[in-house]
Amino acid sequence: MSTELTVYNSLSRQKEVFTPLNAGHVGLYVCGPTVYNPVHLGNCRTFVSFDIVYRYLLAKGYKVRYVRNITDVGHLTDDGEDRMSKGARLEQLEPMEVAQKFANQFHDVMRTLNALPPSIEPRATGHIIEQIELVQEIINNGYAYEVNGSVYFDVAAYNAANEDRYGELSGRRIDELLSESRELKSQDEKRNPSDFAIWMKAHEDHILRWNSPWGEGFPGWHLECSAMSTKYLGEEFDIHGGGNDLKFPHHENEIAQNVGACRHAGARYWIHTNMLLMNGKKMSKSDGNTITPEELFSGDSPHVSEGYSPLVVRFFMLQSHYRSTMDLSDEALQAAKKGHTRLMEAWNILQDLEAKGGGQNDTVGKELEEGLAAAYAEMDDDFNTPRALARIFELVTRINALQGGQLSLEEVSPDRLADFLTRLGTLLFDVLGLRNEAASAGAEQEALSNAMQIILDLRQQARTDKNWALSDKLRDALSHAGITVKDGKDGATWSIE
RNA sequence: GGUUGGGUGGCCGAGUGGCUAGGCAAAGGUCUGCAAAACCUUGUACGGCGGUUCGAAUCCGCUCCCAACCUCCA
């Protein structure tokens, strides 16, 4: 059983059946971070969301080219300072050192969260020539003008020639934007307030600068994504993603640049992720309502009672839909941690189940198969990970019941169970990107496992002798050592807290 | 002020015009030497006010609140 993948397209504001431009292939572009400071946890959520998109498309059998850029020039602060230069000034480093440092840190965090690396990770500074060429094309087409060494995109001219399409993504109306004719600093060169710089003249103290037909300068913030998506995915491609906060002006301007340069809007499907909140409010450094990924993992923060495994954090993120805001709190993380443990333990239990059914005796096996198909169907519905997890937890209950004897293994055929095991594993680990941490065995793990078996055998002997004092002592001591013993029908099992 | 998206049970979080989301927590039961785990059962929910409808938490209007972005003010 297979359903069609539907995707919520920000452009149309509704779910659409996903049909790639070239059958079997998907071009996916995601706006990556501006690497001037440590990666924000909210960014992590966005990139985990797109990791799911990427993984699920792969699981559907598509050949995916996943491009996620690194912005290392042109993104200015409110004061007009380049974010990279600001980072360099604060850290007393060369701007490219800053970019490298925080790109490395970003990669470390994403790897820890078990996110797959993109196929191509281009940098804005590595594509200055492409960006200059793009500016030139836009000028040639009459949608940009040069003033004193800077080049501005002419939104009014663009709109006049393109049926007022500026604002199609964000819902903003150009006349509203135009009427807000308040003059901002260094905007006096613009013909209209809604015009935006695609190339900026570099002043004497500006470090990041390149030669161009318009003098020494640097590319505007939105330009790099237009240039790089076009270069690696073509003038028209399938999916463009990014955080909700980038919808305007960043993505709106990107579309305008693409259309302005080559008449194609770039992406056919736009996917936007929603924001991560903490304790019901936005994360903000100024009022202390913030936590870094590292602090979350280590527990070194007043906002959490303990450190959380990155895989628990990932699981936590998957419990909400990518288009909803998600509220991070210690209580919610505690719940996620327990749910994650329950899920992984069920997976471990499943490995040891022996199906004894066959022929007509396969009712439970059928239920397992149907439940799993339902979970996959939820993924087809706009990558609905929380619903997929809900279906999976219903399967967890069945797996536990099979082990506990409430459901009979006589009602599961071996073939069905083997298939179920494979497909569930694919969903959990390949698609959702979870990882069974306890099972990542090495020689030490092997030795520990053997030693535990010896201890459990001794304890079993004590229990057989009704020596409760000794058996409880062993259990308590192990508990203090971080190992939980659980007595079952077929002997005891153990797990690390 | 504008644009967009939200307000769901103790917490998190799906969803939908009538059919149990799920996780965590809580209560009762089964199992167990005890405990834990597991399994079974259970509960007050859809911000407020109107309207449409046989029926709305789900559609419409108004209002309050939250978030992102833009803008304004400072």
Side-chain angles (χ1 to χ4, degrees), chain A residues 8 10 13 42 46 167-182 184 193-194 196 242-253 272-284 312 315-343 345-346 349 371 374-375 378 381-382 384-407 462-469 471-472 475-476 478-479 483-490 492-495 497:
Chain A
Y8 182 90
S10 301
R13 298 196 184 111
T46 291
E168 62 182 323
L169 178 66
S170 58
R172 282 174 167 73
R173 301 255 39 92
I174 185 66
D175 45 349
E176 284 166 3
L177 291 169
L178 288 175
S179 68
E180 290 155 358
S181 56
R182 196 57 73 157
L184 293 172
S194 54
F196 55 94
N244 217 217
D245 51 342
L246 295 179
K247 205 186 262 183
F248 188 90
H250 186 62
H251 290 156
E252 196 71 69
N253 291 353
H272 289 96
T273 60
N274 218 135
M275 301 292 104
L276 181 67
L277 309 179
M278 186 157 80
N279 300 318
K281 288 190 290 197
K282 67 173 170 178
M283 288 201 195
S284 156
V312 167
F315 174 83
F316 169 72
M317 290 175 172
L318 298 184
Q319 279 188 302
S320 77
H321 187 77
Y322 75 85
R323 279 191 287 118
S324 300
T325 52
M326 142 146 258
D327 194 3
L328 184 108
S329 66
D330 191 58
E331 204 176 354
L333 284 164
Q334 284 289 331
K337 179 185 164 184
K338 289 180 184 170
H340 177 258
T341 301
R342 181 170 146 90
L343 176 57
E345 293 194 343
I349 286 167
E378 299 292 6
D381 184 10
D382 196 28
N384 199 324
T385 53
R387 281 187 77 87
L389 282 172
R391 298 291 83 75
I392 291 171
F393 270 101
E394 286 165 359
L395 295 170
V396 165
T397 300
R398 287 199 163 53
I399 291 167
N400 285 331
L402 281 168
Q403 193 214 20
Q406 293 89 354
L407 288 176
R463 295 182 71 209
T464 307
D465 299 342
K466 295 203 190 299
N467 185 349
W468 308 127
S471 76
D472 287 355
R475 186 172 66 197
D476 292 346
L478 286 168
S479 175
I483 293 170
T484 307
V485 175
K486 299 168 194 164
D487 293 320
K489 277 191 164 30
D490 308 318
T493 58
W494 60 279
S495 60
E497 263 306 294

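Just so it is clear, the values below take in all heavy atoms, side chains as well, and ignore hydrogens, waters and symmetry mates. In what follows, every chain begins at residue 1, and chains take the letters A, B, ... in the order their sequences are listed.
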[N] and [M]: how far apart are their [atom1] atoms, nearest whole angstrom?
{"N": "B/U52", "M": "B/A27", "atom1": "P", "value": "45 Å"}
{"N": "B/A14", "M": "B/G7", "atom1": "C1'", "value": "15 Å"}
{"N": "B/U53", "M": "B/U58", "atom1": "P", "value": "16 Å"}
{"N": "B/G43", "M": "B/G29", "atom1": "C1'", "value": "16 Å"}
{"N": "B/C40", "M": "B/G22", "atom1": "P", "value": "11 Å"}
{"N": "B/G10", "M": "B/G6", "atom1": "P", "value": "23 Å"}
{"N": "B/U41", "M": "B/U8", "atom1": "P", "value": "28 Å"}
{"N": "B/G13", "M": "B/C19", "atom1": "P", "value": "24 Å"}

A/Glu394 and A/Arg391 ion-paired at < 4.0 Å: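 Between A/Arg391 and A/Glu394 there is a salt bridge, with a charged N closer than 4.0 Å to a carboxylate O.
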Considering every strand and a 4.0 Å limit on heavy-atom distances, what is the contact class for [X]: base, sugar-phosphate, or nothing?
{"X": "A/Glu378", "result": "nothing"}
{"X": "A/Ser471", "result": "base"}
{"X": "A/Gln334", "result": "nothing"}

Please check this pair: side chain of [X] against backbone of [Y], looking for a donor-acceptor N/O pair closer than 3.5 Å.
{"X": "A/Thr341", "Y": "A/Lys337", "answer": "yes"}
{"X": "A/Glu378", "Y": "A/Arg387", "answer": "no"}
{"X": "A/Glu252", "Y": "A/Glu168", "answer": "yes"}
{"X": "A/Thr273", "Y": "A/Thr46", "answer": "no"}

[X] has a side chain; which of [options] sits nearest to it?
{"X": "A/Thr484", "options": "B/C70, B/A36, B/A38", "result": "B/A36"}
{"X": "A/Pro386", "options": "B/A21, B/G5, B/C11", "result": "B/A21"}
{"X": "A/Asn274", "options": "B/G13, B/C34, B/G5", "result": "B/G5"}
{"X": "A/Ser320", "options": "B/A14, B/C39, B/A21", "result": "B/A14"}
{"X": "A/Gln406", "options": "B/C39, B/A21, B/A14", "result": "B/C39"}
{"X": "A/Pro249", "options": "B/C70, B/G22, B/C39", "result": "B/C70"}
{"X": "A/Arg463", "options": "B/C70, B/G23, B/U32", "result": "B/U32"}

Between [atom2] of [N] and [atom1] of [X], the distance in whole Å:
{"X": "A/Phe393", "N": "B/A38", "atom1": "CZ", "atom2": "P", "result": "11 Å"}
{"X": "A/Glu345", "N": "B/A37", "atom1": "CD", "atom2": "P", "result": "10 Å"}
{"X": "A/His250", "N": "B/C69", "atom1": "NE2", "atom2": "P", "result": "14 Å"}
{"X": "A/Lys281", "N": "B/G7", "atom1": "NZ", "atom2": "C1'", "result": "17 Å"}
{"X": "A/Asp327", "N": "B/A14", "atom1": "CG", "atom2": "C1'", "result": "16 Å"}
{"X": "A/Lys282", "N": "B/U4", "atom1": "NZ", "atom2": "P", "result": "20 Å"}
{"X": "A/Leu402", "N": "B/C31", "atom1": "CG", "atom2": "P", "result": "20 Å"}
{"X": "A/Asp330", "N": "B/C24", "atom1": "CG", "atom2": "C1'", "result": "12 Å"}

Parallel, tilted or perpendicular: which one describes the rings of A/His272 and A/His251, with boundaries at 30° and 60°? tilted
I need the single residue from A/Asn384, A/Asp382, A/Asn274, A/Asn244 that forms a side chain to side chain donor-acceptor pair (under 3.5 Å) with A/Arg323. Which is it? A/Asp382
Does the structure show a Watson-Crick or G-U wobble partner for [N], both distances under 3.5 Å? Name it, or say none.
{"N": "B/U58", "answer": "none"}
{"N": "B/C39", "answer": "B/G29"}
{"N": "B/A67", "answer": "B/U4"}

Check: [X] side chain, [N] base, donor-acceptor under 3.5 Å:
{"X": "A/Arg475", "N": "B/A35", "answer": "yes"}
{"X": "A/Asn244", "N": "B/G6", "answer": "no"}
{"X": "A/Arg398", "N": "B/C39", "answer": "no"}

N or O in side chain of [X] less than 4.0 angstrom from [N] OP1/OP2:
{"X": "A/Arg342", "N": "B/C39", "result": "yes"}
{"X": "A/Ser329", "N": "B/C11", "result": "no"}
{"X": "A/Lys247", "N": "B/A68", "result": "no"}
{"X": "A/Asn400", "N": "B/C39", "result": "yes"}

Along RNA chain B (nearest heavy atom to each residue), the more 5'-positioned of A/Asp245 and A/Ala332: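 Residue closer to the 5' terminus by nearest nucleotide: A/Ala332.
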Report the residue (A/Met275 or A/Asp472) whose heavy-atom-nearest nucleotide on RNA chain B is the more 5′ of the two.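 With A/Met275 and A/Asp472 compared, the 5'-side residue is A/Asp472.
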Side-chain heavy atoms of A/Leu328 within contact of A/Met317, under 4.5 Å: no
